[in-house]
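Read the structure below first, then the notes.
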Amino acid sequence: MTSLFALVDCNNFYASCERAFNPTLEGKPLVVLSNNDGCVIARSNEAKALGIQMGAPAFEIRDLMEREGVHVFSSNYELYGDMSRRVTMILAEYTPNLEIYSIDESFLDLGNFRHVNLEQHAREIWERVPRATGIPVAVGVSVTKTLAKLANRLAKKSKKANGVLVLTDPMHIEAALKATEVGDIWGVGRRYAKKLAQFGIYTAYDLTQQTDSFVKKHMTVVGLRTVRELRGEPCIELELAPPTKQNICTSRSFGEPLTQLSDIEEALAAHTVRCAAKLRKQQSCANAFTIILETSRFIDPRQTYLNSRTVQLESPTASELVLVPKALEALRILFRPGFRYKRTGILVSGLVPATQVQQSLFEPDHRQRDQDLMQTLDFLRKRFGHTALRYGVQGTGKKWQLKSENLSPCYTTRLEGLLKVW
DNA sequence: TCTGGGGTCCTAGGACCC
DNA sequence: TCTGGGGTCCTAGGACCC
């Protein structure tokens with residue numbers, strides 16, 4: 001039996017979320033900016049039509065946006081996360097096997113749906129999700145995940161497809177491969193596209209015609225898997241449960257450049273607390289952590305500074321009480337006066353399941369005490385918000401906090417947002 | 001003045017061991 | 001032509017994804 005996958009992708013997801021609660025934005029150009037209101041990370045179709053590029057720095061297009069009356073939003077991940085859960089719940093009704101691939105994309109296993117009219121089934125999903133959630137989607141169906149991605153892309157692009165494309169007929173697959181540039185394949189980025197062009201390989205079809213050894217030589221085994229999938233041979237399985245993360249990173253740019261160690265300490269303490277909470281959420285402990293400290297990358301190279309410091313822990317931990325002081329200690333070693341710093345962060349690594357933690361022979365055993373305290377903290381923060389309980393060293397965060405000047409209300413998760421919808 | 005924040009996997013090369 | 005051979009572990013760097 002051959003496999004069958006659908007990829008359901010939300011159109012302009014963050015932009016659509018903002019619009020879902022504000023119908024007056026229908027048909028208007030709208031963009032969502034990254035953290036710190038830095039660059040464009042989502043655009044409505046109308047904004048795309050104005051020529052606003054993905055990743056464009058906000059300051060470069062400010063004039064254009066003002067002139068054209070573009071509605072600008074700071075990113076509101078609380079809202080997007082909640083909308084994403086709503087979409088996923090609808091999709092789960094259409095398959096027993098669902099992979100939540102990202103905040104706005106899911107793969108559906110349709111392996112046992114051969115008897116149904118696929119076109120009709122996909123079209124039903126396409127209609128149902130926006131009706132239930134306000135978020136428009138596109139649906140691509142094919143025999144491998146990579147081809148389903150490709151079908152999804154064409155479903156969005158082609159007027160005739162109108163949001164739904166089922167790609168199972170070999171003739172249709174070949175035509176689709178010929179119509180797709182090599183750099184638009186899932187798993188082939190800009191670097192490889194450039195390299196392949198030097199060999200005269202421009203379309204997905206061209207790539208499928210290469211020998212396995214050629215592909216492996218230039219694109220490693222990862223690229224070979226992609227090519228086999230394009231040829232219709234499934235190599236990438238559905239991931240039903242999210243894999244346990246092997247690293248967890250929490251870092252943010254500062255709202256404005258910082259020169260004082262004490263301000264940066266505040267930021268790093270806050271990031272470390274968030275990072276430790278993420279660790280506990282996946283029930284892991286870290287064996288090591290790395291602290292990153294850097295200036296802006298967009299200034300005179302003589303004024304830039306980028307350094308990191310990795311610290312091995314005596315025994316794996318997820319306790320803030322251990323991590324915060326050690327993180328700050330590492331930061332003080334990294335810090336050089338005289339630079340204008342833009343970002344700091346922590347990455348925890350060497351993660352092991354919390355249940356398998358071995359106690360070091362040389363450290364006093366604070367584990368039980370720490371665990372109890374962390375449990376209490378997690379409970380209180382869940383109930384009262386993650387900033388409800390802070391350490392003194394975190395300060396008030398005024399100096400380093402993100403710029404978010406155009407934040408929409410958290411319509412779905414906060415009282416003031418709910419009232420506004422009413 | 002102003003340019004995001006997460007992640008993954010693979011490979012090559014060096015250190016070190018027997 | 002060939003400085004021995006083979007294994008593991010670690011890190012840095014490069015590619016990719018959203």
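Predicted model only: the values in this text are computed from it and were never measured. Reminder, nothing fancy here: chain letters follow the sequence lines and each chain counts from 1.
A donor-acceptor pair under 3.5 Å links the side-chain atoms of A:S84 to the main chain of A:I103, judged by distance alone.
Residue-level contact check: A:N247 touches the backbone only, with heavy atoms under 4.0 Å from sugar-phosphate atoms and none from bases. Residue A:R340 is classed as having no contact, given no heavy-atom separation below 4.0 Å to the nucleic acid. Looking at heavy-atom distances under 4.0 Å, A:K149 makes contact with sugar-phosphate atoms alone, never a base. Using a 4.0 Å heavy-atom criterion, one finds that A:K278 contacts the sugar-phosphate atoms exclusively. Within 4.0 Å of A:P243, counting heavy atoms only, lies no atom of the nucleic acid at all. Within the 4.0 angstrom heavy-atom criterion, no nucleotide atom of any strand lies near A:N36. Counting non-hydrogen atoms under 4.0 angstrom, A:T250 reaches the backbone sugars and phosphates but no base. Among the protein residues, A:E105 comes within range of the sugar-phosphate backbone only, with heavy atoms under 4.0 Å from sugar or phosphate atoms but none that close to a base. Counting any heavy atom pair closer than 4.0 Å across all strands shown, A:I248 reaches sugar-phosphate atoms only and no base atom.
Ionic pairing of A:R225 and A:E237 is not present here: no N-O contact between side-chain nitrogen and carboxylate oxygen is shorter than 4.0 angstrom. A salt bridge links A:R128 with A:E93; the closest basic N to acidic carboxylate O contact falls under 4.0 Å. Looking at A:D212 and A:R231, a side-chain N of the basic residue comes within less than 4.0 Å of a carboxylate O on the acidic one, giving a salt bridge.
Atom name P, nucleotides B:dT3 and C:dC18: the rounded distance is 24 Å, in whole Å.
Few gaps surround NZ on A:K195; more than 12 heavy atoms of other groups in view lie less than 6.0 Å from it.
Partners of A:Y77 according to the side-chain contact (heavy atoms from CB on, under 4.5 Å) rule, which considers only residues two or more places apart in sequence or in another chain, are A:Y14, A:N35, A:I41, A:S75, A:Y80. Partners of A:F59 according to the ring-ring contact (aromatic ring centres under 6.0 Å, His included) rule, which considers only residues two or more places apart in sequence or in another chain, do not exist here. Remark: A:N406 engages no residue in a side chain to side chain donor-acceptor pair (under 3.5 Å) (not counting sequence neighbours). Take A:S296 and apply the side-chain contact (heavy atoms from CB on, under 4.5 Å) test, not counting sequence neighbours, and it matches A:F298, A:I299, A:K342. With sequence neighbours excluded, no residue forms a side chain to side chain donor-acceptor pair (under 3.5 Å) with A:T133. Judged as a side chain to side chain donor-acceptor pair (under 3.5 Å), and not counting sequence neighbours, the contacts of A:R153 are A:D184.
Contact record, A:C275 with A:I346: CB-CG2, 3.8 Å, taken as the closest heavy-atom pair.
Using cut-offs of 30° and 60° on the angle between ring planes, the pair A:F107 and A:W186 is tilted.
Residues from residues 342-349 of chain A that place a heavy atom under 4.0 Å from any atom of DNA chain B, listed by number: A:K342, A:R343. Taking a 4.0 Å limit (strictly below) on heavy-atom distances, residues 54-68 of chain A reaches DNA chain B at A:P57, A:F59. Near-neighbour residues of DNA chain B inside residues 195-207 of chain A, defined by a heavy atom below 4.0 Å, are absent.
In this model, no donor atom of one side chain and acceptor atom of the other lie less than 3.5 Å apart for A:Q260 and A:S262.
DNA chain C forms stems at B:5-18 with C:5-18, each a run of 3 or more consecutive Watson-Crick or G-U wobble pairs whose two key distances fall under 3.5 Å.
When the nearest nucleotides of DNA chain B are assigned to A:V222 and A:S34 by heavy-atom distance, the more 5′-ward of the two goes with A:S34. Residue A:I299 is the one, among A:K245 and A:I299, whose nearest nucleotide of DNA chain B lies closer to the 5' end (criterion: closest heavy atom).
Rounded to the nearest 0.5 angstrom, A:R280 CZ and A:I248 CD1 are separated by 11.0 Å.
Under the 6.0 Å cut-off for aromatic ring centres, A:H218 and A:F199 qualify, their centroids lying closer than that.
Counting only residues at least two apart or on different chains, the ring-ring contact (aromatic ring centres under 6.0 Å, His included) pairs with a member in residues 231-276 of chain A are A:H271-A:W400.
Nucleotides of DNA chain C that come within less than 4.0 Å of any heavy atom of chain A span, from the 5' end to the 3' end, C:dA15 to C:dC18.
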